[in-house]
Amino acid sequence: MKNKEIAEMLGEIALMLSVDTRPTARFEVRAYQKAALTIGTLQEDVGEIFAKGGERALMELPGIGKGIAGSVAEYIKTGKMKKYDGLKRQYPIDFKALTAIEGLGAKRLIRLYNELGIKDVDDLSRAVKAHKIEKLEGFGRRSEEQIGKGIELAEKGRGRILISEGLPVAEAIVKRIMESGAAEMAVVAGSARRMRETVGDLDILVLSSKPGKAMDFFAGLDEVSSIVMKGPTKTTAWLKAGVTCDVRVIAPESFGAALQYFTGSRDHNVQVRTIAVRKGYKLNEYGLFREGGRPVEAGSEEEIYAKLGMQWMPPEMREARGEVGLAQAKRIPKIVELEDIKGDMHTHTRETDGANTIEEMAEEAMKIGYRYFATTNHTKSLFIARGMDEKKFTGFFKNVDRLNEQLDGKVRIIKGAEVDILKDGSLDLDKKFLEEMECAVGAVHQSLRMDRESMTKRIVGALDSGLIRILAHPTGRELLWREPYAVDLDRVFDAAERNNVALEINSYPSRLDLSDTNIMAASKYKLMFSLGTDAHRTSHMRFMRYGVGTARRGWLAPDRIINTMDMARMLRWLSR
DNA sequence: GCCGTTTTCGGCCCGACTGTTTTCAGTCG
């Protein structure tokens, strides 16, 4: 899979072309950026697309025409790309690392290379220390300081954080701004509103008749560690959480347009704006305008989409994955909501590596308003988690039976286990024991570095055993830490469909596995999904919102998810 | 370099903020 590599090369071509002075060059830059984005976010392997359909198939992709298709094909065939190699000889610069430094883009980097020979972060660091940069025309002392700070931040690993770390901070800031009296309204926008699995910055929109006061209040909050910039209507700050946060003050009549604009995604907005232009409008963050600048009455997102002949759609869908066309056809599907979820299908207790008792977990489930939840402790092979054998499970389940009687249906505990799928695809508990269990959840935890074929056979073998009802965290990824294991998901989906096994959308924030795009791919099969938090303590049961967010990003309908069923139907489904 | 329900030529999203300028270029989202 060379998608990432090729996308990066196309992106670098765009950077290097941006100093080209030909009048058409800046449009070439945009073309290469767009092509890089297309290939970078592609599900299928570019190499396979080319193998199957040649350059013609590449040209089917949005933003890829004859020229770029040729370059991509050249690279796939020969491992070389003339256009890239030529430019790179001219500018042998480590763009990837250097553009990650705040305030440095292609033009300044190429000047730094031409005038000071700076090729990488080390060169840059030395030049800053020797105060060579402040002497350059157009740079000055402030720029040099900013670059110095930027290097430090880049080295500290500024970057993305989990949605579960970002969204609550954004919500807390919104709450405090609202309570301060400096604003009439504040909302979270950006990728956090779209429920992306990780966020690189937070966006907050504020409606205020005292913009200066609102900006000052935000700048002084506890959550803020330093101010990047502060103007009359926009402030950017680094948060202690490790990301930046933009707060913007918006005029009331622009609120809908601003919310639409700043929710993004950028690609979604580009598509929406193209439609606006075609219909004779101009759309920006201030509103919808007729040609000549006459504003169109459209104070909410719904009205803006409606004026463009589109249906409103949930923010989670706005990723330029076909939702714009559906909205035009008025065929936006109904997708699952948090309120649809009637129980949690994956939880642990302190009998293994959880922190709480089954009683405490039941208490929490009732507080949330669940009708049921599955207790799914680890099995014996997972020593580090003190996994349980058949005997321990038997004792534990007796306790659960007693508790279920006491609870008298207020919440029903489903007896299950997160059964290890061993190296050879066999399961970590006796066949007979598994057959009698209400909810066996299969999971791979060990020997993750198997080759693709062996891993695929291992998981498909477990699915074909007919003993498990749910496949937990099907790809094994850990966000910001561990890649998915090598596995042929199509064969896994196929086996899940064949055996009527639900695929888990693990809602633990560092997993979110299946991912949004995996869910879209799996949806094409006739199979069900299951939402579970993998809770290891009571508070983790609240992670369900992130799993639901991921399901929504995968356009999943409530009737494709087993735990939207009421209890009787759910038990029937499990017993099949 | 890409693209087309006005087009195979002539367009391509656009505004805020900063720094170093003295009217604007670069960066960012």
Side-chain angles (χ1 to χ4, degrees), chain A residues 10 13-15 17-38 58-72 83 98-112 133-147 149-150 189-191 199-203 205 211 215 227-237 243-250 254 257-258 260-289 309 325 328:
Chain A
L10 296 175
I13 291 175
L15 290 172
L17 282 175
S18 65
V19 289
D20 196 322
T21 48
R22 284 174 303 145
T24 55
R26 63 197 194 96
F27 299 113
E28 273 181 55
V29 169
R30 204 166 293 161
Y32 275 100
Q33 281 170 339
K34 184 155 196 264
L37 197 104
T38 295
L58 294 175
M59 286 170 67
E60 299 282 302
L61 299 169
I64 313 268
K66 206 169 177 185
I68 295 181
S71 290
V72 172
K83 176 108 188 171
L98 287 168
T99 51
I101 292 165
E102 188 86 34
L104 286 182
K107 293 190 177 150
R108 298 179 96 183
L109 285 175
I110 286 175
R111 276 201 57 209
L112 288 171
I133 290 172
E134 63 172 18
K135 296 189 189 81
L136 292 184
E137 198 183 321
F139 274 85
R141 171 165 299 178
R142 299 289 297 267
S143 295
E144 189 174 89
E145 276 172 23
Q146 195 199 6
I147 291 169
K149 266 194 215 165
S191 54
V199 292
D201 67 347
L202 299 172
D203 286 283
L205 304 183
M215 296 285 86
I227 303 295
V228 178
M229 61 168 141
K230 185 159 171 278
T233 63
K234 181 187 171 190
T235 297
T236 302
V243 288
T244 57
C245 178
D246 287 347
V247 178
R248 293 180 172 82
V249 179
I250 308 295
S254 299
Q260 195 283 326
Y261 181 87
F262 288 113
T263 294
S265 66
R266 197 192 299 201
D267 295 340
H268 171 86
N269 284 352
V270 167
Q271 293 187 1
V272 172
R273 275 186 197 208
T274 308
I275 290 169
V277 169
R278 230 178 260 149
K279 290 192 179 277
Y281 292 107
K282 191 177 94 160
L283 177 64
N284 60 27
E285 59 266 55
Y286 298 106
L288 188 63
F289 303 91
Q328 285 182 298

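Please read these numbers as outputs of a predicted model, since none were measured by experiment. All chains are named by letter (A, B, ...) in the order of the sequence lines, taking the proteins before the strands, and each is independently numbered beginning at 1.
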Chemist: Could A:Lys83 and A:Glu28 be called an ion pair, given the rule that one side-chain N must be under 4.0 Å from one carboxylate O?
Modeler: yes
Chemist: Suppose you measure atom C1' in B:dC13 against the same atom in B:dC2; what distance do you get, rounded to whole Å?
Modeler: 16 Å
Chemist: Quick one: is B:dA16 close enough that its OP1 or OP2 comes under 4.0 Å of any side-chain N or O from A:Lys234?
Modeler: no
Chemist: Expressed in whole Å, how much space separates the C1' atoms belonging to B:dT5 and B:dG1?
Modeler: 24 Å
Chemist: Just the rounded figure in Å: distance from P of B:dC13 to CD of A:Gln33.
Modeler: 11 Å
Chemist: Check the side chains of A:Asp201 and A:Thr244 for a donor-acceptor pair under 3.5 angstrom, ignoring hydrogens and angles.
Modeler: no
Chemist: Within a radius of less than 6.0 Å around NZ of A:Lys149, do more than 12 heavy atoms belonging to other residues, nucleotides or ligands occur?
Modeler: no
Chemist: It should be established whether A:Arg142 places a side-chain nitrogen or oxygen under 4.0 Å from OP1 or OP2 of nucleotide B:dG19.
Modeler: yes
Chemist: Atom CZ of A:Phe289 and atom C1' of B:dG15: how far apart are they, to the nearest Å?
Modeler: 12 Å
Chemist: Give the rounded distance in Å between these two atoms: CE of A:Met229 and C1' of B:dC28.
Modeler: 7 Å
Chemist: Would you state whether a donor and an acceptor, one from the side chain of A:Tyr261 and one from the base of B:dG29, lie under 3.5 Å apart?
Modeler: yes
Chemist: Please output the side-chain donor-acceptor pairs of residues 60-71 of chain A that fall under 3.5 Å, not counting sequence neighbours, one pair per line with the distance.
Modeler:
none

Chemist: When the C1' atoms of B:dC3 and B:dT8 are compared, how many Å lie between them, rounded to an integer?
Modeler: 10 Å
Chemist: Determine the minimum heavy-atom distance between A:Thr235 and A:Met215, stating which atoms define it.
Modeler: OG1-SD, 3.0 Å
Chemist: How many angstroms lie between atom CD1 of A:Ile250 and atom OG1 of A:Thr233, to the nearest 0.5 angstrom?
Modeler: 7.5 Å
Chemist: If you measure from the P atom in B:dA16 to the same atom in B:dG11, how many Å do you get, rounded?
Modeler: 26 Å
Chemist: What's the CG-P distance between A:Asp203 and B:dA16, to the nearest Å?
Modeler: 15 Å
Chemist: According to a strict under-4.0 Å criterion, is A:Ser18 in side-chain N/O contact with OP1 or OP2 of B:dG26?
Modeler: no
Chemist: Write down the partner of B:dG11 under the Watson-Crick or G-U wobble criteria, each distance required to be under 3.5 Å.
Modeler: B:dC2
Chemist: Using the rule given for side chain to side chain contact (heavy atoms under 4.5 Å, CB included), can you reason through A:Lys234 versus A:Met229, listing the C-alpha separation, both sets of side-chain angles and the distance that settles it, and then say yes or no?
Modeler: CA-CA 8 Å; A:Lys234 181 187 171 190; A:Met229 61 168 141; 3.8 Å; yes
Chemist: Give one of base, sugar-phosphate or nothing for A:Leu104, where a contact means two heavy atoms less than 4.0 Å apart.
Modeler: sugar-phosphate
Chemist: Can you tell me how far C1' of B:dA25 sits from CZ of A:Arg26, to the nearest Å?
Modeler: 13 Å
Chemist: As a test of reading the structure: which of B:dT27, B:dG15, B:dG29 is closest to the side chain of A:Lys107, going by heavy atoms?
Modeler: B:dT27
Chemist: Hey, does A:Thr233 reach any base, or is it just sugar-phosphate, or nothing, if we go heavy atoms under 4.0 Å?
Modeler: sugar-phosphate
Chemist: Find the distance A:Leu136:CG to B:dG26:P and express it as a whole number of Å.
Modeler: 14 Å
Chemist: What integer distance in Å separates A:Gln146:CD from B:dC17:C1'?
Modeler: 11 Å
Chemist: May I have the distance from A:Glu137 (atom CD) to B:dG26 (atom P), rounded to whole angstrom?
Modeler: 12 Å
Chemist: Mark up nucleotides 1-12 of chain B, 5' to 3', with B wherever a protein heavy atom is under 4.0 angstrom from a base atom, S wherever such an atom reaches only the sugar-phosphate, and - elsewhere.
Modeler: BSS--------B
Chemist: Starting from the 5' end of DNA chain B, give me the residue, A:Arg266 or A:Gly140, whose nearest nucleotide shows up first.
Modeler: A:Gly140
Chemist: For A:Val228 and A:Lys282, find the nucleotide of DNA chain B closest to each by heavy atoms; which residue's nucleotide sits nearer the 5' end?
Modeler: A:Lys282
Chemist: Could you give the distance separating B:dT23 and B:dC28 at their P atoms, to the nearest angstrom?
Modeler: 25 Å
Chemist: Answer yes when A:Arg248 and A:Asp203 have at least one side-chain N-carboxylate O distance shorter than 4.0 Å, and no when they do not.
Modeler: yes
Chemist: Looking for any heavy atom pair under 4.0 Å, which part of the strands does A:Arg141 touch: base, sugar-phosphate only, or nothing?
Modeler: sugar-phosphate
Chemist: If every non-hydrogen atom of A:Ala14 is compared with every non-hydrogen atom of A:Tyr32, which pair is closest and at what distance?
Modeler: CB-CB, 3.8 Å
